[in-house]
Chemist: 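Okay, here's the structure, questions in a sec.
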Amino acid sequence: MSHPYRSHTCGELRRANDGENIRLSGWVHRVRDHGGVLFIDLRDHYGITQVVADPDSPVFKVANELRAEFVIRIDGKVTKRDDDLINPKLATGDIEVFVEDLQVLAKADELPLPVFGEPDYPEETRLTYRFLDLRRESLRQRILLRADVIAALRRLMGERGFVEFQTPILTASSPEGARDFLVPSRIHQGKFYALPQAPQQFKQFSVIAGFDKYFQIAPCFRDEDPRADRSPGEFYQLDIEMGFATQEDVFAVIEPVMREIFEEFGQGHPVSSSFPKIRYRDAMRRYGTDKPDLRNPLEMEVVSSHFADSNFKIFASLLKKEGTEIRAIPAPKGGSRRFCDRMNVFAQKEGLPGMGYVFWRAEDNDIVGAGPLAKNIGRERTEAIRQQLGLEVGDAAFFLGGRPSSFEAFAAKARDRIAHELDLIEQDQFKFCWIVDFPMFERDPDSEEIGFSHNPFSMPQGGMEALETENPLDVMGYQYDIVCNGVELSSGAVRNHKLECLYKAFELAGHNRAFVDTNFSGMVNSLKFGAPPHAGIAPGIERIVMLLAGVDNIREVTMFPLNQRAEDLMLGAPSHPTNQALRELGLRMTKKD
RNA sequence: GCGGUCGUAGCUCAGCCUGGUUAGAGCGCUGGCCUGUCACGCCAGAGGUCGCGGGUUCGAACCCCGUCGACCGCGCCA
């Protein structure tokens, strides 16, 4: 036996190895002690093999001392199992190994976190003992899935002529965007680096430098509060930028990459054959959100005309104000008072006064709307609404009114809730779409001032001419999001590579040239020396893997995540610096009040 | 910064609404028994400041106030 630890792995032995003398190393997954005979499930990266010890074995006594997660090396003989003893759940279930020698390579204390059986454990424990958590099959498989996805992305991008570059981690603070992580400079005391929120500027420089197709599995750092689908601190993007490219060129690259990834790793669930393009404005109107879940078939419709000057005074008077409308969420098969009341209560819990509804039932061979709202507006208007929404007996519709911005967020939730309750969500598939034509500018509701609504560096549709002649609020950008099952996977844009046009865009957002020159000097400079038209996108890696793995928490697809309070419980980060470190950096701590 | 939910054995949870003997169950752990299990089985045992502090009460896991923590959400994330 030449190797000190193993001749085979724990996932390798088959019936064909019957009779061989072999050596295995691994963790004691589980011991089943029958007094006279002892079964040890031995586990390594590759699988589990059943090891058997009986009183005839020279190491029977040692085997009796084994506990969960001991690391051992065994020598033994592979034996074919009798037909009635085969374990079909194990890849190695046709055989077992009779142990002849056994060495304990490392003992294990009583476990703070069991590996076998994977019982639910508090996340704090799982993060403190992440190395144990990672021994558990389900987390382990998700981390391996992530690795496979990243490897496939590299392959797919490479096949398309994209070249992977590394960009700086110690870089400059960007005045726009999220909070930066700052790193103090020792050489320049009092100055700080910032960790990149994304390699946004570097990827543009790459293309401006003439590298036609850039990509990177890029680490991004943002000091913002976490959510279930948003890790505190750091995350990864498939960062892409292309020279001489239009919006359509970016779509043409990303669509097949996404489709291949989701088809290969998506548990066989079907993937949209084409990715429909939905204008931002239409998405907000139909779904109340710019990241619609297209597995949900419900679409809102504007039904203002049916309520104008009607006897439903709340809506009728509402509609007299500027910028208001009434929208209906159809609810096929939701036509019971019970269901409608439940949704109304849901609306009230969400802070609305309520949600009006009509439901339709059969009456004397006729379809009649029921509910207080139907009574108020009368039979004709109720019927017109039914016709518009294409609803039948047994269906219902819910109504929201006011300025769209005041109810759209709730409408999106309600649409989601209604579809879930009525079981209308199409399960087990990936439905993609593009959201396009985002507005370049928006009016701040408080200050009334016009600012960028998205990325200031995006190319406005219509270019300079549009900026000079159109109402800024009507100008749209070449900006786009890719959305899958209601999850925003990424944003992208055609970049504004014309300096004059960039100045003009900032001017409309209330910033003069000096502001742009000061805050974006690198970008401004790069546009002065022959910047090609270019465009890009950056899908979030974790979001993709979450969808593929079917989990709704980003920490379930991250090997060593920070907790909700942005702490590393294993290594104790963040931690206090030493006085010497502070001195070298020229920093002094002050007390927080 | 704000809101919601939760906090009882190492873990998952019951008990709390309606205060009253010794706070229970399953899993895990320890010991014993068991020669074919693979979620092995059987017997026994250890293990609790009911998150913490205060209040009400003759009496608090239970009611009230405060506080700490976890998770989820809002703000934030161009």
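These values consider heavy atoms only, across backbone and side chains, with no hydrogens, waters or symmetry-generated copies. Here is how names work: the chains are called A, B, and so on, in the same order as the sequence lines, proteins then strands, and each is numbered from 1.
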Chemist: Quick one: is R30(A) getting a side-chain N or O under 4.0 Å of the rG28(B) phosphate, OP1 or OP2?
Modeler: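 R30(A) to rG28(B) OP1/OP2: side-chain N or O found under 4.0 Å.
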Chemist: Is there a donor-acceptor pair under 3.5 Å between the side chain of E118(A) and the backbone N or O of E137(A)?
Modeler: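 Yes; judged by distance alone, with no hydrogens or angles, the pair exists.
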Chemist: What about F251(A) and Y480(A), are their ring centers closer than 6.0 Å?
Modeler: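 Yes: the rings meet the under 6.0 Å criterion.
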Chemist: Partner lookup for rC27(B), please. Criteria are Watson-Crick or G-U wobble with both distances under 3.5 angstrom; report none if nothing qualifies.
Modeler: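 Answer to the pairing question: rG10(B), which forms a Watson-Crick or G-U pair with rC27(B).
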Chemist: Could you give the CG-to-P distance, from D54(A) to rG36(B), as a whole number of Å?
Modeler: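 Atom-to-atom, D54(A) to rG36(B), this comes out as 12 Å.
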Chemist: Once you apply a heavy-atom cut-off of 4.0 Å, does N553(A) come out as touching a base, just sugar-phosphate, or nothing?
Modeler: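 Sugar-phosphate: the residue N553(A), judged by heavy atoms under 4.0 Å, touches backbone atoms but no base.
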Chemist: What is the distance, rounded to the nearest whole Å, between atom CD of E556(A) and atom C1' of rC71(B)?
Modeler: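 Going from CD in E556(A) over to C1' in rC71(B) covers 13 Å.
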Chemist: Can you find a donor-acceptor N/O pair under 3.5 angstrom joining the side chain of D33(A) to the base of rC34(B)?
Modeler: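 Side chain to base: pair present.
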Chemist: Rounding to a whole Å, what distance do you find between D56(A):CG and rG36(B):C1'?
Modeler: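 Value for this atom pair: 14 Å.
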Chemist: Using only heavy-atom distances, decide whether a donor-acceptor pair under 3.5 angstrom links the side-chain of R227(A) to the base of rC71(B).
Modeler: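 Donor-acceptor pair under 3.5 Å: no.
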Chemist: Between S453(A) and E567(A), name the one whose nearest nucleotide on RNA chain B is closer to the 5' end.
Modeler: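 The residue whose closest nucleotide sits nearer the 5' end is E567(A).
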Chemist: Looking at V551(A), D133(A), T558(A), which one forms a side-chain contact (heavy atoms from CB on, under 4.5 Å) with L139(A)?
Modeler: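 The residue from V551(A), D133(A), T558(A) that satisfies side-chain contact (heavy atoms from CB on, under 4.5 Å) with L139(A) turns out to be D133(A).
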Chemist: For rC50(B) and rG15(B), measure between their C1' atoms and round to the nearest Å.
Modeler: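 These two C1' atoms come out 10 Å apart once rounded.
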Chemist: Determine the interatomic distance between C1' on rA60(B) and the same-named atom on rU21(B); round to the nearest Å.
Modeler: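 rA60(B) and rU21(B) have their C1' atoms separated by 16 Å.
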Chemist: For rG47(B), what is the paired nucleotide under Watson-Crick or G-U wobble rules, both distances under 3.5 Å?
Modeler: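 The answer is none; no pair meets the criterion.
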Chemist: Which whole-number value in Å describes the distance from E123(A) CD to rG69(B) C1'?
Modeler: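 Rounded to whole Å, this separation is 14 Å.
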Chemist: Would you tell me whether D239(A) and Y214(A) have side-chain atoms, one donor and one acceptor, within less than 3.5 Å of each other?
Modeler: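 Looking only at side-chain atoms, Y214(A) and D239(A) do form a donor-acceptor pair, the distance falling under 3.5 Å.
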Chemist: Please indicate yes or no: is the ring centre of H34(A) less than 5.5 Å from the centre of the six-membered base ring of rC34(B), with the two planes inclined by under 30 degrees?
Modeler: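 So H34(A) does not count as stacking on the base.
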Chemist: What's the gap between rA46(B) and rA23(B) when it is taken at their P atoms, as a whole Å value?
Modeler: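 Taking atom P in both rA46(B) and rA23(B), they lie 14 Å apart.
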Chemist: Are E124(A) and N563(A) linked by a side-chain donor-acceptor pair shorter than 3.5 Å?
Modeler: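 On atom types as modelled, these side chains do not qualify, holding no pair under 3.5 Å.
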Chemist: Between R67(A) and V52(A), which residue's closest nucleotide on RNA chain B lies nearer the 5′ terminus?
Modeler: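 Its nearest nucleotide lies further toward 5', so the answer is R67(A).
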Chemist: Please state whether the base of rG36(B) and the side chain of D84(A) form at least one donor-acceptor pair under 3.5 Å?
Modeler: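 Checked by distance alone, the answer is no.
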Chemist: Please determine whether any donor N or O and acceptor N or O are separated by less than 3.5 Å between the side chain of R222(A) and the base of rC77(B).
Modeler: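 Flag unset: no donor-acceptor pair detected.
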Chemist: What nucleotide, of rU37(B), rC71(B), rA39(B), holds the atom closest to the side chain of N563(A)?
Modeler: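 So the nucleotide nearest the side chain must be rC71(B).
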Chemist: Mind checking the C1' distance from rC27(B) to rC17(B)? Whole angstroms is fine.
Modeler: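 Per the computed distance, 29 Å lies between those C1' atoms.
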Chemist: Measuring only the C1' atom in each nucleotide, how far is rG26(B) from rC72(B)? A whole number of Å is fine.
Modeler: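 Each nucleotide's C1' atom is 27 Å from the other's.
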Chemist: Quick one: is rC72(B) close enough that its OP1 or OP2 comes under 4.0 Å of any side-chain N or O from R555(A)?
Modeler: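 The answer is yes; a side-chain N or O of R555(A) sits under 4.0 Å from OP1 or OP2.
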Chemist: Apply side-chain contact (heavy atoms from CB on, under 4.5 Å) to the pair I48(A) and C10(A), showing each step before the final yes or no.
Modeler: CA-CA 5 Å; I48(A) 288 178; C10(A) 294; 5.8 Å; no
Chemist: Whether K413(A) contacts rG73(B) is assessed here as follows: a side-chain N or O lying under 4.0 Å from the phosphate OP1 or OP2. Is that the case?
Modeler: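 For rG73(B), neither OP1 nor OP2 has a side-chain N or O of K413(A) closer than 4.0 Å.
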Chemist: Using the P atom in both, what is the distance from rC58(B) to rC42(B), to the nearest Å?
Modeler: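 Per the computed distance, 49 Å lies between those P atoms.
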Chemist: Going by the angle between their ring planes, with limits at 30° and 60°, are F520(A) and F515(A) parallel, tilted or perpendicular?
Modeler: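 F520(A) vs F515(A) ring planes: perpendicular.
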Chemist: Please measure how far the C1' atom in rC11(B) lies from the corresponding atom in rG73(B), and state the result in whole Å.
Modeler: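 Their C1' atoms lie roughly 27 Å apart.
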Chemist: Does rU21(B) have a Watson-Crick or wobble mate here (both distances under 3.5 Å), and if so which one?
Modeler: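 Result: none.
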Chemist: Report the distance from atom CG of D41(A) to atom P of rC40(B), rounded to the nearest whole Å.
Modeler: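 Computing the D41(A):CG to rC40(B):P distance gives 8 Å.
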Chemist: Check this for me: does the side-chain of R565(A) come within 3.5 Å of the base of rC71(B) through a donor and an acceptor?
Modeler: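 It does not, because no donor-acceptor pair links the side chain of R565(A) to the base of rC71(B) below 3.5 Å.
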Chemist: Taking a pair as Watson-Crick or G-U wobble with both distances under 3.5 Å, which nucleotide is matched to rG66(B)?
Modeler: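 The answer is rC52(B), by the H-bond criterion.
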Chemist: Using a 4.0 Å heavy-atom cut-off, does F98(A) contact any base of the nucleic acid, only the sugar-phosphate backbone, or nothing at all?
Modeler: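 Base: the residue F98(A), judged by heavy atoms under 4.0 Å, touches a nucleobase.
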Chemist: Suppose we define a pair by two distances each less than 3.5 Å, Watson-Crick or G-U wobble; what does rU57(B) pair with here?
Modeler: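 In the structure as shown, rU57(B) has no Watson-Crick or wobble partner.
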Chemist: From CZ of F116(A) over to P of rC29(B), roughly how many Å is that when rounded to an integer?
Modeler: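 Nearest whole value for this atom pair: 10 Å.
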Chemist: Classify the side-chain pair D180(A)/Y193(A) by whether it contains a donor and acceptor separated by less than 3.5 Å.
Modeler: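 Note: D180(A) and Y193(A) side chains miss the donor-acceptor criterion.
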Chemist: With both distances kept under 3.5 Å, what pairs with rC2(B), Watson-Crick or G-U wobble?
Modeler: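 Check on rC2(B): paired to rG73(B), both distances under 3.5 Å.
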Chemist: Phosphate oxygens OP1/OP2 of rG36(B): is one of them under 4.0 Å from a side-chain N or O of N87(A)?
Modeler: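 Looking at the OP1 and OP2 atoms of rG36(B), neither is under 4.0 Å from any side-chain N or O of N87(A).
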Chemist: If only side-chain N and O atoms of R32(A) are considered, is one of them under 4.0 Å from the OP1 or OP2 phosphate oxygen of rU37(B)?
Modeler: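 No, outside the criterion.
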Chemist: For rC72(B), does either OP1 or OP2 sit under 4.0 Å from a side-chain N or O belonging to Q564(A)?
Modeler: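 Q564(A) to rC72(B) OP1/OP2: side-chain N or O found under 4.0 Å.
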Chemist: Does the structure show a Watson-Crick or G-U wobble partner for rU35(B), both distances under 3.5 Å? Name it, or say none.
Modeler: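 Base partner found: none.
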Chemist: How close or far is atom P of rU37(B) from atom CG of D83(A), stated in whole angstroms?
Modeler: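 Rounded to the whole Å, the gap is 15 Å.
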Chemist: Taking atom P in both rG28(B) and rC43(B), what distance in whole Å separates the two?
Modeler: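 Rounded to whole Å, the distance is 14 Å.
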Chemist: Do E96(A) side-chain and rG36(B) base share a donor-acceptor contact under 3.5 Å?
Modeler: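 Yes.
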Chemist: Taking any strand in view, what nucleotide pairs with rC16(B) in a Watson-Crick or G-U wobble way, both distances under 3.5 Å?
Modeler: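 In the structure as shown, rC16(B) has no Watson-Crick or wobble partner.
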Chemist: Against the six-membered ring of F560(A), is R130(A) placed for a cation-pi contact (under 6.0 Å from the centre, within 45° of the normal)?
Modeler: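 Cation-pi check for R130(A) and F560(A): fails.
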Chemist: In whole Å, I'd like the distance from the CG atom of D225(A) to the P atom of rC77(B).
Modeler: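 About 11 Å, once rounded to whole Å.
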